[in-house]
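Take a look at the structure set out below.
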Amino acid sequence: MTDNLIDCKSMKKLKIAVLVSGSGSNLQVMIDAMQAGQLPIEIVGVISNVADAYAVTRANNAGIRTVVLSHVPNGKKMGIKTFEKHTLELLNEWMPDLVVLAGFMRVLSAEFISALPCAMINLHPSLLPNYKGLDTHERVLQSGDKLHGCSVHVVTAGLDAGQVLTQAVLTVKQNESPESLRLRVQKLEHQLVPFTLELIAKDVLSLDKDVISDNLALPYRLWFE
Ligand code: GRF
């Protein structure tokens, strides 16, 4: 993220809706950058599928419109179809330029993705296309890979399969534990998310819903020790 306070305040803002399920540390990074005027973004709403996710507290503390879609009125857990229906209604009302999945832990259907009013990106804790799905740090250690990191990719119907836009890369240390790797990758995520949003907001990455950038230079990479 470049130090461009004045520039950002005068720029047209990228309107973002964020879907969350967990602690929301990446949401917090976006909130902080928005509030400090360090990124030309406006978080127009947050949707959580988990009622007690700390991300909900973070969004509420920031005064951001926040909707929890976790249960139906009779107390049963909300099914994915109902979640998608309500989420589409909200997104059509909020009209974001971009939906960001930041620790959102449910798989969304192809129908939902194609009905969205804008593009959607996801943050994933591995160097895609390696290690799609869960438990990425454990699997990297088991394989003995030297490089690991995180990716931001366009969401398509295939699990963690859409165009990879950006990655942050680190070197795996000898005898490193999954928890140590998780924490190091999380720090990278906190840099990769604003880096990616800045590229999109400034149109370096074009994310028109149907014309995802086919730039051969992708993914843009940030390298760390
Ligand atoms: C991140 O590790 C992200 O890669 C994964 O879920 C985690 C979200 O963390 N998809 P947080 O909720 O932003 O703290």
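Note that ligands are numbered from 1 as they come in the structure, with each ligand's atoms numbered from 1 the same way.
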- Test item: side-chain donor near acceptor, D160 and Y131, under 3.5 Å: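 There is no such pair (donor and acceptor under 3.5 Å, judged by atom type) between the side chains of D160 and Y131.
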
How far is [atom] from the closest protein heavy atom, and which atom is that?
atom: atom 9 (O) of ligand 1; value: N26 ND2, 3.7 Å
atom: atom 14 (O) of ligand 1; value: S25 OG, 2.6 Å
atom: atom 6 (O) of ligand 1; value: G103 CA, 3.4 Å

For ligand 1, which is the ligand I care about here, please tell me if [X] has any N or O atom under 3.5 Å from one of the ligand's N or O atoms.
X: A102; value: no
X: L123; value: yes
X: S23; value: yes

- With R184, the side chain to side chain contact (heavy atoms under 4.5 Å, CB included) member among K173, E179, H148: K173

- Message: Here's a test for you: under side chain to side chain contact (heavy atoms under 4.5 Å, CB included), which of L123, L19, V50, V155 qualifies with F104?
- Response: L19

- Is the backbone N or O of A51 less than 3.5 Å from a side-chain atom of S48, with the two atoms forming a donor-acceptor pair by type? no

Residues 89-96, side-chain donor-acceptor partners within the protein, below 3.5 Å, at least two apart:
from	atom 1	to	atom 2	distance (Å)
E89	OE2	K85	NZ	3.2
N92	ND2	L88	O	3.1

- Message: Run the side-chain contact (heavy atoms from CB on, under 4.5 Å) test against K76 and tell me which residues pass, sequence neighbours left out.
- Response: V72, N74

- More than 12 heavy atoms from other groups under 6.0 Å of NZ on K187: no

- Task: May I ask you to list the atoms of ligand 1 that are less than 4.0 angstrom from any heavy atom of P125?
- Result: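 Those qualifying, in numeric order: 4 (O).
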
- Task: Within a distance under 4.0 Å of any heavy atom of E189, pick out the atoms of ligand 1 and give their elements.
- Result: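 By the 4.0 Å cutoff, the relevant atoms are 1 (C), 2 (O), 3 (C), 4 (O).
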
- Query: Are G24 and ligand 1 in contact, using a heavy-atom cut-off of under 4.0 Å?
  - Reply: yes

